[in-house]
**Q** 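Next up is a structure, given as structure tokens.
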Amino acid sequence: MKIRPSLPQGTRDFAPQTLRKRQFVLQTIRGVFERYGFQPLETPAMENLDTLLGKYGEEGDKLIFRILNNGLDNPAKHEAAMEGFRQVLEGRNSTTVTERALRYDLTIPFARFVAMNHAQLNFPFKRYQMQPVWRADRPQKGRYREFWQCDADVVGSPSLLYEAELASIYLDAFRSLGIPVSVRVNHRGLLAALAEACGGAGRLTDITVSIDKLDKVGLEKVMEELDRKEFPETATAKIRTYLGVAGDNSERLQAVEGLLGGYEAGAKGIGELRWLLDFLRRDDGTEPLEIDLTLARGLDYYTGMIFEVKALDAQMGSIGGGGRYDDLTGLFGVPGIPGVGVSFGIDRICDVMEEKGLFPASLETGSRVLFFHLGQAEARHAWTVMQQLRARDTACEIYPEAARFDKQFKYAERRHIPIVAFVGSEEIAADTVRYKDLSTGEQRTVPRTAFLDALSPS
RNA sequence: GAGGGUGUAGCUCAGCUGGUUAGAGCAUCAGAUUGUGGUUCUGAGGGUCGUGGGUUCGAACCCCAUCAUCCUCCCCA
């Protein structure tokens with residue numbers, strides 16, 4: 001029987017060329033995080049299931065990858081295991097069967113970390129984290145079961161200065177990567193006030209889920225959905241007005257103020273949005289953020305400002321999102337630590353950059369020099385020169401056998417190695433190296449030391 | 001969880017209303033060319049047509065099942 005190796009659904013291998021691109025993205029973002037004074041943190045791939053359950057809403061729980069406990073086949077534990085499986089089949093959770101699960105995002109593990117270490121941390125604590133997360137979603141375009149997030153969060157301060165910093169991080173990072181984006185912002189307070197105005201703070205989720213679809217399905221479909229959810233006429237009328245708000249940022253805020261300014265949550269939201277836009281206004285008067293009143297964000301724990309980043313002119317969902325949460329560590333028994341954070345979706349960012357050809361061509365280079373193999377004795381001399389070059393931080397390699405020249409040339413070409421070097425009997429005798437620039441075809445023979453100088457990083 | 005598309009050589013794909021021995025380009029290997037490539041030419045190797053059933057004189061093609069993958073909805077990065 002022929003074995004067919006395969007990968008779990010929604011996961012990928014990353015070949016060298018792909019990984020170079022991913023690392024380029026990661027390094028760029030890491031650089032921005034570091035410049036804003038964030039410090040690195042890593043947490044385990046798996047968490048206790050209890051740590052994750054109930055943090056991402058009902059749908060979220062279903063998407064958590066659970067890990068089967070070891071030792072279930074132990075005869076002494078059969079009865080307990082059977083009982084545990086029975087509970088699982090009923091849709092409940094049982095630590096007898098699964099007590100661990102794969103990380104679903106980076107925010108909750110961070111909150112768990114802060115709750116465990118709050119006594120040792122200096123607040124405000126700024127951390128960044130770049131690691132894979134796993135979701136049992138059905139894969140499709142821009143959606144994977146294993147993907148990387150890069151998060152920057154600040155906990156321990158309610159200061160809006162951090163909203164300004166995190167928004168700037170988005171702007172800086174995407175400018176460095178060369179991706180044109182719109183960074184959208186909204187405030188949960190406005191949505192809460194809207195729900196209140198519609199007669200039910202409890203129906204906040206119903207409302208936000210519907211209006212979030214506005215730019216996708218259009219106003220009428222949204223209103224139909226709200227009708228189906230049996231909102232009263234007065235409520236849908238208010239929502240229609242809210243969704244109809246247009247104009248530039250300040251015009252939108254003014255209109256919303258008339259609508260929801262009377263509610264405490266609404267007034268707070270409007271005030272904070274005004275402050276942030278004013279704070280980040282450029283010298284020429286333009287504003288880098290865009291207010292999007294329909295922006296809702298699914299994650300339940302956001303309470304204040306919320307962000308989302310979309311690539312312009314790209315068929316891709318959001319490539320980043322985040323917001324403020326008042327009391328994330330409260331879920332772990334340590335109340336009173338507010339926080340705010342943003343997340344970058346690395347895989348989607350890479351997809352967009354690939355699609356639009358935004359990766360620098362220079363990423364394709366591995367070795368800078370290939371030494372031709374011209375025979376046993378010559379190769380030994382080439383080896384010596386090569387080691388001297390490596391000692392000077394230049395990546396280089398030698399062809400493994402004295403193959404035909406066209407093979408050695410082709411190898412260099414395919415690997416995007418720009419220079420090939422010849423150390424043959426003539427060169428050995430004169431202590432020189434002959435080298436050729438493959439892009440120009442130009443070749444020259446120079447003393448060995450001159451060769452080393454020419455190809456060392458300046 | 002619901003719905004749709006696609007599975008043919010290492011890769012990208014042709015293959016007509018079912019008809020004899022399943023093709024092309026790229027890649028690989030060899031030669032033209034025993035120390036200067038990328039062009040060209042010649043030749044070679046490589047496929048249980050995703051898998052398992054069924055219909056038929058005959059199936060890559062039709063039917064059923066199954067697996068994989070891609071896409072849409074839900075939700076999200």
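Side chains are part of it too, since the values below use all heavy atoms of this structure and drop only hydrogens, waters and symmetry mates. Below, chain A is the first sequence line, B the second, and so on; all start at residue 1.
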**Q** Any carboxylate oxygen within less than 4.0 angstrom of a Lys/Arg side-chain nitrogen, looking at A:Glu272 and A:Arg324?
**A**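 A salt bridge is absent here (no side-chain N lies under 4.0 Å from a carboxylate O).
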**Q** Has A:Arg145 got a side-chain atom pairing as donor or acceptor with A:Asp137's backbone, closer than 3.5 angstrom?
**A**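 Flag set: sc A:Arg145 to bb A:Asp137 pair under 3.5 Å.
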**Q** Find the distance A:Tyr399:OH to B:G37:P and express it as a whole number of Å.
**A** 16 Å
**Q** Which sits closer to the 5' end of RNA chain B, A:Thr440 or A:Glu308, going by the nucleotide each is nearest to?
**A** A:Thr440
**Q** Under 5.5 Å between ring centres and under 30° between planes: true for A:Phe422 and the base of B:U36?
**A** yes
**Q** Where along residues 125-141 of chain A does a heavy atom fall under 4.0 Å from RNA chain B?
**A** A:Arg135, A:Asp137, A:Arg138, A:Gln140, A:Lys141
**Q** Can you find a side chain N or O atom of A:Lys407 that sits less than 4.0 Å from OP1 or OP2 on B:C29?
**A**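 The answer is yes; a side-chain N or O of A:Lys407 sits under 4.0 Å from OP1 or OP2.
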**Q** Give none if B:A65 has no partner; otherwise give the nucleotide forming a Watson-Crick or G-U wobble pair with it, both distances under 3.5 Å.
**A**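 Answer to the pairing question: B:U51, which forms a Watson-Crick or G-U pair with B:A65.
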**Q** For A:Glu442 and B:G37, what is the distance between atoms CD and P respectively, to the nearest whole Å?
**A**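 Distance, rounded to whole Å: 17 Å.
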**Q** Which of residues 318-331 of chain A sit near RNA chain B, with a heavy atom under 4.0 Å from it?
**A** A:Ser318, A:Ile319, A:Gly320
**Q** Among B:U36, B:A77, B:G37, which is the nearest nucleotide to the side chain of A:Leu438?
**A** B:G37
**Q** Just checking A:Phe344: base, sugar-phosphate only, or nothing, at a heavy-atom cut-off of under 4.0 Å?
**A**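 No contact.
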**Q** Does the distance from a Lys or Arg side-chain N to an Asp or Glu carboxylate O, for A:Arg434 and A:Glu426, drop under 4.0 Å?
**A** no
**Q** Checking ring-ring contact (aromatic ring centres under 6.0 Å, His included) for the pair A:Phe65/A:Tyr104: CA distance, chi angles, key distance, verdict?
**A** CA-CA 8 Å; A:Phe65 270 112; A:Tyr104 179 90; 9.8 Å; no
**Q** Among A:Val181, A:Ile29, A:Val32, find the residue that satisfies the side-chain contact (heavy atoms from CB on, under 4.5 Å) test when tested with A:Phe174.
**A**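 For A:Phe174, the side-chain contact (heavy atoms from CB on, under 4.5 Å) test succeeds with only one of A:Val181, A:Ile29, A:Val32, which is A:Val181.
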**Q** May I ask which nucleotide in the shown strands pairs with B:C73, Watson-Crick or G-U wobble, both distances under 3.5 Å?
**A**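 B:G1 is the nucleotide pairing with B:C73.
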**Q** In terms of side-chain geometry, is the basic nitrogen of A:Asp453 or A:Arg392 positioned less than 4.0 Å from the acidic oxygen of its partner?
**A** yes
**Q** Mind running ring-ring contact (aromatic ring centres under 6.0 Å, His included) on A:Tyr128 and A:Phe38 for me, showing each step along the way?
**A** CA-CA 6 Å; A:Tyr128 71 90; A:Phe38 286 73; 7.6 Å; no
**Q** Using heavy-atom distances to pick each residue's nearest nucleotide on RNA chain B, tell me which of A:Leu63 and A:Gly441 is more 5'.
**A**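 The 5'-side residue here is A:Gly441.
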**Q** So which nucleotide from B:C74, B:U36, B:C29 ends up closest to the side chain of A:Phe405?
**A**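 So the nucleotide nearest the side chain must be B:U36.
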**Q** Output the rounded distance in Å from CG (A:Asp212) to P (B:A77).
**A** 11 Å
**Q** Report which part of the nucleic acid A:Arg145 touches: base, sugar-phosphate, or nothing (heavy-atom distance under 4.0 Å, all strands).
**A**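 The residue A:Arg145 makes no contact with any strand.
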**Q** Does any donor atom in the side chain of A:Gln23 or A:Arg20 lie under 3.5 Å from an acceptor atom in the other side chain?
**A**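 Short answer, no.
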**Q** OP1 or OP2 of B:U69 less than 4.0 angstrom from a side-chain nitrogen or oxygen of A:Gln9, does that happen here?
**A** yes
**Q** Rounded to whole angstrom, note down the P distance from B:A2 over to B:U55.
**A**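 That atom pair is separated by 31 Å.
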**Q** When you check the gap from the basic side-chain N to the acidic O, do A:Arg175 and A:Asp172 get nearer than 4.0 Å?
**A** yes
**Q** Looking at B:G43, which nucleotide sits across from it as a Watson-Crick or G-U wobble partner, both distances under 3.5 angstrom, or is there none?
**A**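 Base partner found: B:C29.
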**Q** Does the pair A:Asp347/A:Arg143 count as a salt bridge with the N-to-O cut at 4.0 Å?
**A**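 The answer is no: the pair does not qualify as a salt bridge.
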